[in-house]
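These numbers come from a predicted model, not from an experiment. Naming: A, B, ... by sequence-line order, numbering from 1 per chain.
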Amino acid sequence: MFPLPQTECREPAACLSSASALAVGPGFQDDVEGECSRIAAAQRPELCGVGEPVAMFSSDSSCLSSRGRVIKWFWDLAEEGYRTYHTDAYDEDKNPSGIINLGTSENKLCFDLLSRRLTQSDMLWVEPSLLQYPDWRGHLFLREEVAKFLSFYCKSPAPLKPENVVVLNGCASVFSALATVLCEVGEAFLIPTPYYGAITQHVYLYGNVRLAYVYLDSEVTGLDTRPFQLTVAKLEKALQGANSEGVKVKGLILINPQNPLGDIYSPGELQEFLGFAKRHKLHVIVDEVYMLSVFEASLGYRSVLSLDRLPDPQRTHVLWATSKDFGMSGLRFGTLYTENQEVATAVASLCRYHGLSGLVQYQMAQLLRDRDWINQVYLVENHARLKAAHAYVSAELRALGIPFLSRGAGFFIWLDLRKYLSEDTFEEEMQLWRRFLDNKVLLSFGKAFECKEPGWFRLVFSDKPHRLRLGMQRVRQVLEGKSQLAEEGPPCQAQRR
Amino acid sequence: MEKFGAHRAWTRGRETASVLALFLVGSSQPSEDSKTPWNMSDPSDAAPTPCDQTSDAGLGDREISVHLLEMMLNLQQIVGDHFTRLTTRRRQGLSLEEEKHIQVICEQEDVINHTMCQIISLLWSEATVDQKLEEPLLSRNSRRDGQRAREAQEASRQPDRPARQSDFEASFVTHVLSNRGVDISVFYQSHFQDYNAYQRDKYHEEKNPLGFLNLGISENKLCTDLMTQRLCRNDMNCIEKDLLQYPDWRGQPFLREEVAWFLTYYCKAPTRLDPENVVVLNGCCSIFSALAMVLCDPGEAFLVPAPFYGGFAFSSRLYAKVELIPVHLESEITDDNTQPFQLTVDKLEKALLEARQKEKKVRGLVLTNPQNPLGDVYSRDSLMEYLEFATRHNLHVIIDEIYMLSVFDESITFHSVLSIESLPDPKRTHVIWGTSKDFGISGFRFGALYTHNREVASAVSAFGYLHSISGVTQYKLCRLLQDREWIDKVYLPANHSRLRAAHKYITKKLRALKIPFLERGSGLYVWVDLRSYLAPCTFEEELILHRRFLDNKLMLSCGKSYMCKEPGWFRVIFAENPLRLKLAMRRFSHVLKEQKYDWMVKQLEDALQE
């Protein structure tokens with residue numbers, strides 16, 4: 001348990017209760033730690049706007065700096081959760097009663113294809129220049145490949161340029177570096193919620209940058225045509241809100257395809273949001289890490305790089321990585337594309353700290369170059385498998401009578417389990433989540449995505465059929481048991497481990 | 001408080017000005033040529049000696065702007081100095097009136113400086129308009145912190161902006177970056193322009209025989225053949241599920257286990273080291289950066305004996321904003337200085353006292369052992385003394401042992417801090433090691449932290465997300481560190497004997513040139529005394545000599561970048577293959593010959609004038 005000094009805490013009750021409630025292990029969302037820390041952040045309004053979280057941690061017993069103590073707090077919450085899952089992870093042979101992970105957003109469907117491709121002889125190349133200090137922006141051969149790759153798959157109207165590419169060890173690092181070079185300490189980015197919660201930690205750790213939320217609702221009212229719809233009016237309102245609290249907003253973060261909604265922004269919407277940002281001189285960071293994981297072709301996904309005219313190209317920065325689209329989150333390869341050389345150069349100045357091995361850079365270049373394999377083998381198969389898994393899970397959910405959102409992009413379905421909460425609170429949401437965990441299946445709860453309404457969960461379906469089946473079975477058990485319980489009365493505390 | 005802030009800002013302003021001056025020296029060849037006619041290469045020299053070819057590009061308007069820019073920078077510096085004198089003459093016992101007076105001066109200073117920054121920005125965009133300079137320049141005000149910076153920035157957004165919007169859009173005046181973003185960018189680019197030039201124009205036997213030879217960056221290139229062979233073996237290429245999925249952010253358990261074993265063995269630890277105390281990140285600079293974040297708050301400081309590895313300066317500044325306070329060591333041998341640049345507890349105490357008098361909050365001491373750039377190896381006794389000094393003052397000690405296996409002189413015994421039976425303050429002792437130097441694979445991006453302090457290990461682990469290593473790379477590293485047989489029987493013997501041979505060659509050369517240097521038996525470099533080639537012996541002259549090496553396509557590192565107190569010292573890397581080393585040394589002696597010759601000519605001219 002993190003010793004949160006009660007007297008120093010601005011909202012001692014809230015902080016302490018949330019910390020203790022979470023300590024058992026909320027960490028199994030995306031990227032295990034990230035989103036869990038996100039939960040921590042969510043409990044402390046200071047982090048997402050005004051205020052200085054460091055003030056909360058002024059215990060003298062530690063040999064860490066004040067910011068070191070905040071950072072360690074992030075880690076500890078995550079670590080707790082991480083341990084719970086890892087001590088009891090499901091394994092076909094060794095631990096068949098272990099926890100099935102439908103919480104972490106990883107694509108585990110195509111390991112066979114990937115391992116075959118990555119062990120081909122062209123991947124084994126070693127040469128001295130790959131073993132020595134690189135160009136910190138990324139080896140030129142790789143940046144060239146990335147530019148070609150993005151030109152092709154983002155359908156850019158003109159070829160993209162290698163000098164606009166910066167290569168780092170994952171999108172987390174890109175977020176961190178961008179936050180540092182675009183914002184001063186304490187400034188903020190706008191972000192529509194629910195969103196991929198790990199970003200909070202990415203922009204906070206080094207950058208000490210906050211997020212200002214644009215809250216979206218599930219209810220379809222007024223001009224909205226679908227749940228959780230982002231509109232310019234909502235952006236304007238959130239920006240005003242932040243400004244009136246004295247928070248300086250420097251940019252807007254968009255995730256497209258959206259995580260956790262599994263939705264995409266249409267080119268028209270994109271243009272509107274970009275136009276909004278331009279009016280207010282905001283940077284736009286577009287995270288397109290699920291760009292090739294749109295398995296429903298009818299959606300008509302368009303990358304921001306495919307737009308004919310960007311309203312403000314100097315302030316538009318695009319992120320992509322192989323973590324999701326190529327199911328290689330452990331490979332740590334992410335890239336920034338920006339026409340703004342000043343931004344590219346500033347981010348590159350930090351690349352010493354976010355470099356990746358030359359051998360891996362070589363392998364990535366080989367992979368991205370192999371258009372035949374990507375188009376004819378990998379993407380075809382990957383989309384087919386995603387589709388099948390998605391079809392299976394959605395059929396199950398329909399049978400259970402559970403409403404959900406998912407339009408055919410990403411690895412996840414956004415579940416509406418509100419009717420399973422006896423009260424409309426995040427505590428209840430946490431209880432339900434814990435019940436899932438007790439029944440050895442891991443999901444991510446909506447609070448981790450800063451969803452405004454309690455009762456939403458993200459379920460990742462990109463796992464092998466038999467695991468998915470087992471996972472769904474455990475989900476069903478909980479929900480069926482739970483719904484009975486709900487009729488009988490409120491859930492008893494005893495069920496908390 | 002306010003006036004100290006102002007003083008700091010000015011100091012930084014002057015740094016900026018000198019950075020700008022550096023850029024200009026690089027970009028405005030015409031003006032420099034007129035002063036220093038050194039660019040001729042000796043045609044009789046058998047080896048091709050490349051010259052700087054960027055000389056006469058784009059004159060005219062740009063040249064005028066460049067001159068104006070130089071003048072403005074000069075002016076800015078003079079004004080800066082003036083204000084510094086005005087505001088720092090007396091710091092203590094000021095009456096209220098005097099305080100107010102100083103406040104007014106500070107405000108004036110702000111206004112004047114802001115105006116000058118705008119002019120400089122304008123000139124800069126003029127000067128670089130037809131030149132492909134990678135790095136945008138900064139305005140001085142953009143290097144400040146806090147309120148004043150914001151005010152200044154706001155001011156520059158006012159409608160009284162010059163009409164030439166488009167030029168401004170092209171330059172940094174757009175405020176696209178945050179102040180710290182500009183700071184990071186300029187700080188980095190100013191130090192790495194040589195490195196970038198080298199990356200673009202590397203020497204190659206056939207393809208680019210006139211390219212840069214690099215004896216400046218500390219890389220061991222002597223064993224790439226062995227390493228390549230080893231990495232090409234079958235056991236290296238394994239793809240497992242775990243390697244492609246999200247890792248344990250402290251490092252994969254199998255790798256941390258192996259690192260613990262490895263350090264236990266090679267550091268001769270009295271008991272087995274614990275994998276739980278290991279954190280693995282993508283490079284030692286990442287470890288240092290993360291440590292600086294979690295041990296210090298912004299503005300706090302570490303003590304570092306100087307000369308020291310310049311990378312610390314980046315790692316403490318770019319993200320963490322931690323100050324490094326040099327403990328200056330001297331080359332001269334005196335009663336308490338039994339060898340050149342000797343570190344003693346007295347000097348540490350003195351530096352700490354001085355820092356505390358200046359109200360600096362010192363949180364730790366940074367040591368490099370074997371030392372870079374000196375090549376010294378600390379004896380067990382002195383190591384203990386330093387650690388005890390730190391314990392007395394509640395300081396953390398960060399020990400960088402990245403050259404631990406590069407001690408090639410067999411008569412020298414290296415003592416890792418991990419070999420010490422009972423550390424004075426294990427909770428505050430943090431050891432860094434990586435494969436970059438000892439295995440010559442800096443491109444692998446691997447660094448490890450060993451600390452008994454779980455709190456520190458946890459806090460550093462939080463950065464694992466931002467400094468993670470690819471699972472595939474972690475696997476390779478694990479295989480490499482595991483292969484004790486290959487390391488002990490093949491790699492280390494070959495590496496040491498090649499280092500010895502290269503060291504022997506270079507020291508022989510230096511002796512032949514009658515150049516003093518520190519004779520040591522570890523590291524990849526020699527610390528060379530070129531003071532006799534500087535007249536006068538100043539850092540300006542050191543920089544000029546450094547540029548002269550660069551003009552002749554030879555990269556070295558000058559003492560200034562190690563915060564050496566005495567101008568004229570250079571670090572020369574010798575871990576380069578024999579052919580290149582030979583050619584580099586030829587360029588080296590050629591430059592020094594030129595330097596001597598010019599000096600004689602100048603002497604002669606002076607004498608004639610008299």
Supply the atom-to-atom distance A/S357 OG to B/R445 CZ, rounded to the nearest 0.5 angstrom. 9.5 Å
Can you tell me if B/K361 has over 12 outside heavy atoms packed within less than 6.0 Å of its NZ? no
Donor-acceptor pair between B/Y188 and A/T345 side chains, under 3.5 angstrom: no
What I'd like to find out is whether the side chain of A/C63 reaches to under 4.5 Å of the side chain of B/R428, using heavy atoms alone. yes
A/Q363 versus chain B, the contacting section by heavy-atom distance below 4.5 Å: side chain
Please look at A/V343 and chain B and tell me whether the side chain, the backbone, both or neither of the residue comes under 4.5 angstrom of a heavy atom of that chain. both
Check whether B/A457 gets within reach of chain A through its side chain, its backbone, both or neither, counting any heavy atom under 4.5 Å. neither
Side chains of A/E342 and B/S185, heavy atoms from C-beta outward: is any pair under 4.5 Å? no
Parallel, tilted or perpendicular for B/Y465 and A/H202, by the 30°/60° rule? tilted
Honestly, the part of A/L356 sitting under 4.5 Å from a heavy atom of chain B is backbone
Structural part of B/Q229 lying under 4.5 Å from a heavy atom of chain A: neither
Name the member of A/E127, A/R332, A/H139, A/Q361 that forms the most heavy-atom pairs with chain B at distances under 4.5 Å. A/R332
Contact class of B/L243 relative to chain A, heavy atoms under 4.5 angstrom: backbone
Under a 4.5 Å heavy-atom cut-off, does chain B meet the side chain of A/Y206, its backbone, both or neither? both
Heavy-atom distance under 4.5 Å between the side chains of B/F439 and A/L131, does that happen here? no
Answer whether the closest heavy-atom distance between the side chains of B/L466 and A/Y353 falls below 4.5 Å. no
Look at the side chain of A/R352 and the backbone N and O of B/G283, then say whether any donor-acceptor pair between them is shorter than 3.5 Å. no
Treating B/E219 as the side-chain partner and A/Y133 as the backbone partner, does any N or O pair qualify as donor plus acceptor under 3.5 Å? yes
Does any heavy atom of chain B fall under 4.5 Å from the side chain of A/L359, the backbone, both, or neither of them? side chain
Counting only non-hydrogen atoms closer than 4.5 Å, does B/N453 touch chain A with its backbone (N, CA, C, O), its side chain (CB onward), both, or neither? side chain
Less than 4.5 Å to any heavy atom of chain A: does that hold for the side chain of B/I184, its backbone, both, or neither? both
